[in-house]
Chemist: 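Please find one structure pasted underneath; my questions will follow.
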Protein chains: 2
Amino acid sequence: MTAAAHRPATLEDVARIAGVSRSTASRVVAGTGFASPAARERVAAAVDHLGYVPNPAARALVRGDGVRLVVAVAGTSAAVLDDPYVHRVVGSAARVCTPAGVGVALHWLPLGEPGSLGQLARDRSVCGVVLVNTTAELLDAVPRSLRGRVVSIGIGSADVPSFDVDNLSGAGEVLRHLYATGRRRIAMVTGPEWLPCSQRPVQAYRQLMRQAGLPERVLPGDFTAARGRAAAGEALRRWPDLDAVYAISDETALGVIASLRDRGVRVPGDVAVAGFDDIPLAAMTAPALTTASHPVGRIAVAAATAVLDGRPAAPETLFPSALVVRDSA
Amino acid sequence: MTAAAHRPATLEDVARIAGVSRSTASRVVAGTGFASPAARERVAAAVDHLGYVPNPAARALVRGDGVRLVVAVAGTSAAVLDDPYVHRVVGSAARVCTPAGVGVALHWLPLGEPGSLGQLARDRSVCGVVLVNTTAELLDAVPRSLRGRVVSIGIGSADVPSFDVDNLSGAGEVLRHLYATGRRRIAMVTGPEWLPCSQRPVQAYRQLMRQAGLPERVLPGDFTAARGRAAAGEALRRWPDLDAVYAISDETALGVIASLRDRGVRVPGDVAVAGFDDIPLAAMTAPALTTASHPVGRIAVAAATAVLDGRPAAPETLFPSALVVRDSA
DNA sequence: GTGAAAGCGCTAACAA
DNA sequence: TTGTTAGCGCTTTCAC
């Protein structure tokens, strides 16, 4: 790697220096096809000498396989793109895509406008799509041409493999823990109503409550701490005998705790609170948060890798969620 | 926008349908150069009819301007790429780059291996670089060929415009607040020692302590909550008369508070604790965290936009940091 | 095993 | 104002 040539080297330069044709140079650089050991060596030397770096855009153009992986987030407003969860997904995806010479783009998918997916499908620079917060409606609108290069973090469909945390059993574990520690008046703060993947934990909740003959108390949420604050007040007002709150996000749970504290309700003494995600700060709060783990990074990596590889993925890949018992419940 | 043609339309198709040449179609689609109103209209109709989406990769190839914006994070290990702060930067950058047809890539820049920047400079698919956690050494190693398309979030140089929070005055404000509320034995938990942009707050600290005739007590940190826990113990051991801790990240501050609480030290009664960033959860903890705001998203957006635009940016753009007084100090 | 040639989708001179 | 021509950097048949 020589000092910066002012114009970055191209494969043509490499070929010339190595005394071979561009085709041969291409074969050894891309590691595809045949080449004599001698040629191999001389090309390698030239690459090294020139500090040659292949241009993924040119390669993608000729092979027709795109240079951008799109993370497409469904939601009611573009504000969903500011969500910390989304940023974690994008960050992890970017890390995986970099070695492949692929960049990550971040799109908002307006609910009820499934047409925006067609746009992505017709953009030849898009090598694939990772859907986040999908709905059944959106899944149905996935164009044929996207098949095999689209996956979903959340619910999936026949055409769209899904990667998600096993939130059904995760929720079950948390709820059983609440029950086992004597809680009987358990309220749940859910995710947005339109979001299918937040329905699973609700199912788990309803089922368990029914089995145990306990009242079902569900409050809609949106994963934010602010909503947690509000929900706690509402819960207390509607159900004064409340002895536990299960929130579907750690942020929300912390909001619940903050609100409870402000009102002089002790946690976990009077009311136990549990969350979902196990964010790093969950261990630092007072009381430390009881929650269930959520390997967002690993899920995003798996989803992005599946798109990049282009191999047919399993219809559903579930990542385990583990109960983490701390102080709040 | 017709139902999905199986093969996405190209400019050629648009031109044919519109009955014009490819160049004319290109001119009206790209909005560059002349075209008669008639041509304009027919091309627009064809685009609409075909659902044509331009291929940014092809465009970038011919214009020589790259399809990826690289977020390059310096650090001692690749683990820096998992940092929530980095993810926020990547997420915000991705959002800005998407309309331009540019994807975001995430690179680790090993400390002491400035050569890795050359690699990026020679990759023609890279339209620009946003440096994060830069050092002077790295800045000096920025290749000429990157000039005009590289910026830094953190310290800058003659060739690299910097975008950063005004952490000097932010830190000053926090420290003055601590002093004004009667704290006199103030310890500071800093960022990594090799990281220049975390030195500014330390300067502010040392200067203020000196002016006030107070002891200087600095502990190295790494922005994590875990380090905060450890640092609190260390501080208590070395300086039993401690009455305040100023941590350079909210996570660290929350770790400090957790550790203090475990040891029976009351916050803010015995020891006040302040942080830096104002993460959303800072308002939810007990006690709620006193801190200074840090508009990471806006900074990242400005940095990415500057790279994308390619216009010469001001050598230094400072974003204001505001003191947020809550309960912990 | 290797090279010549064609072309991915697009833009930018240049001519008409 | 428009079309023709020549590529951008790379991969990939297809002959040799």
Side-chain angles (χ1 to χ4, degrees), chain A residues 5 7-44 46-47 50-68 100-102 121-127, chain B residues 5 7-44 46-47 50-68 100-102 121-127:
Chain A
R7 193 184 57 82
T10 71
L11 193 57
E12 184 80 52
D13 301 326
V14 171
R16 192 163 12 81
I17 300 276
V20 299
S21 74
R22 208 167 61 224
S23 334
T24 302
S26 170
R27 284 183 206 112
V28 359
V29 167
T32 167
F34 304 91
S36 65
R40 227 171 262 290
E41 192 167 331
R42 298 169 60 196
V43 170
V47 164
L50 259 33
Y52 170 71
V53 179
N55 181 344
R59 176 177 300 182
L61 182 61
V62 60
R63 297 211 298 212
D65 43 42
V67 293
R68 300 190 298 157
V102 169
R122 288 188 303 259
D123 183 334
R124 300 173 99 109
S125 79
V126 170
C127 64
Chain B
R7 194 184 54 82
T10 72
L11 193 57
E12 184 81 51
D13 301 325
V14 172
R16 190 163 13 80
I17 301 274
V20 300
S21 75
R22 209 169 58 225
S23 335
T24 301
S26 170
R27 283 184 207 111
V28 357
V29 168
T32 166
F34 305 89
S36 65
R40 227 171 263 289
E41 193 168 327
R42 299 171 59 197
V43 170
V47 164
L50 259 33
Y52 170 70
V53 180
N55 181 343
R59 177 177 298 183
L61 182 60
V62 60
R63 297 212 298 213
D65 43 43
V67 292
R68 299 190 298 157
V102 169
R122 289 188 303 260
D123 184 334
R124 299 172 97 109
S125 78
V126 170
C127 66

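Model, not experiment: these values are computed from the prediction. Every heavy atom of this structure was used, including side-chain atoms; hydrogens, water molecules and symmetry mates were not. Labels below follow one simple rule: chain letters A, B, ... track the order of the sequence lines, proteins then strands, and each chain is numbered from 1.
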Chemist: Indicate, yes or no, whether a donor-acceptor pair under 3.5 Å links the base of D:dG3 to the side chain of B:Arg27.
Modeler: yes

Chemist: To the nearest 0.5 Å, what is the distance between OG1 on A:Thr10 and CZ on B:Arg124?
Modeler: 6.5 Å

Chemist: Using whole Å, report how far CG of B:Asp65 lies from C1' of C:dT11.
Modeler: 11 Å

Chemist: Identify which nucleotide among D:dT12, C:dC10, C:dC8 has an atom closest to any side-chain atom of B:Ala58, counting heavy atoms from C-beta outward.
Modeler: C:dC10

Chemist: Could one point to a donor on the side chain of B:Ser23 or the base of D:dT4 with an acceptor on the other under 3.5 Å away?
Modeler: yes

Chemist: Grab the two heavy atoms, one from A:Tyr52 and one from A:Leu11, that are nearest each other, plus how far apart they are.
Modeler: CE1-N, 3.5 Å

Chemist: Check whether any side-chain nitrogen or oxygen of B:Arg63 sits under 4.0 Å from OP1 or OP2 of C:dT11, and answer yes or no.
Modeler: no

Chemist: Contact class for B:Val20 (heavy atom, under 4.0 Å): base, sugar-phosphate, or nothing?
Modeler: sugar-phosphate

Chemist: Can you tell me if the side-chain N/O atoms of A:Ser36 get under 4.0 Å from OP1 or OP2 in C:dG1?
Modeler: no

Chemist: Where the side chain of B:Arg59 is defined as all heavy atoms beyond and including C-beta, which of C:dT11, C:dG7, C:dG9 is the nearest nucleotide?
Modeler: C:dT11

Chemist: Can you check the B:Asn55 CG to C:dG7 P distance for me, whole Å?
Modeler: 19 Å

Chemist: For the side chain to side chain contact (heavy atoms under 4.5 Å, CB included) test, which of B:Val53, B:Asn55, B:Val102 pairs with A:Ser125?
Modeler: B:Asn55

Chemist: Taking salt bridge (Lys or Arg N to Asp or Glu O under 4.0 Å) as the definition, give me every residue that meets it alongside B:Glu12, ordered by chain and number, with sequence neighbours left out.
Modeler: B:Arg22

Chemist: Can you check the A:Arg42 CZ to C:dT2 C1' distance for me, whole Å?
Modeler: 12 Å

Chemist: Would you indicate, yes or no, if C:dG3 has its OP1 or OP2 atom less than 4.0 angstrom from a side-chain nitrogen or oxygen of A:Ser21?
Modeler: yes

Chemist: Looking only at side-chain N and O atoms, does A:Thr24 come under 4.0 Å of OP1 or OP2 in C:dT2?
Modeler: no

Chemist: Tell me every residue that passes salt bridge (Lys or Arg N to Asp or Glu O under 4.0 Å) with B:Asp13, counting only those two or more places apart in sequence or in another chain.
Modeler: B:Arg7, B:Arg16

Chemist: Rounded to whole angstroms, how far apart are CG on A:Leu11 and P on D:dC8?
Modeler: 13 Å

Chemist: Under 4.0 Å, heavy atoms only, any strand: does B:Ala57 hit a base, just the sugar-phosphate, or nothing?
Modeler: nothing

Chemist: Indicate, with a heavy-atom threshold strictly under 4.0 Å, whether B:Thr10 touches base, sugar-phosphate, or nothing.
Modeler: sugar-phosphate

Chemist: Tell me what A:Ala60 touches on the nucleic acid: a base, only sugar-phosphate, or nothing, going by heavy atoms under 4.0 Å.
Modeler: nothing

Chemist: Categorize A:Arg124 for me: base, sugar-phosphate, or nothing, with a 4.0 angstrom heavy-atom threshold over every strand shown.
Modeler: sugar-phosphate

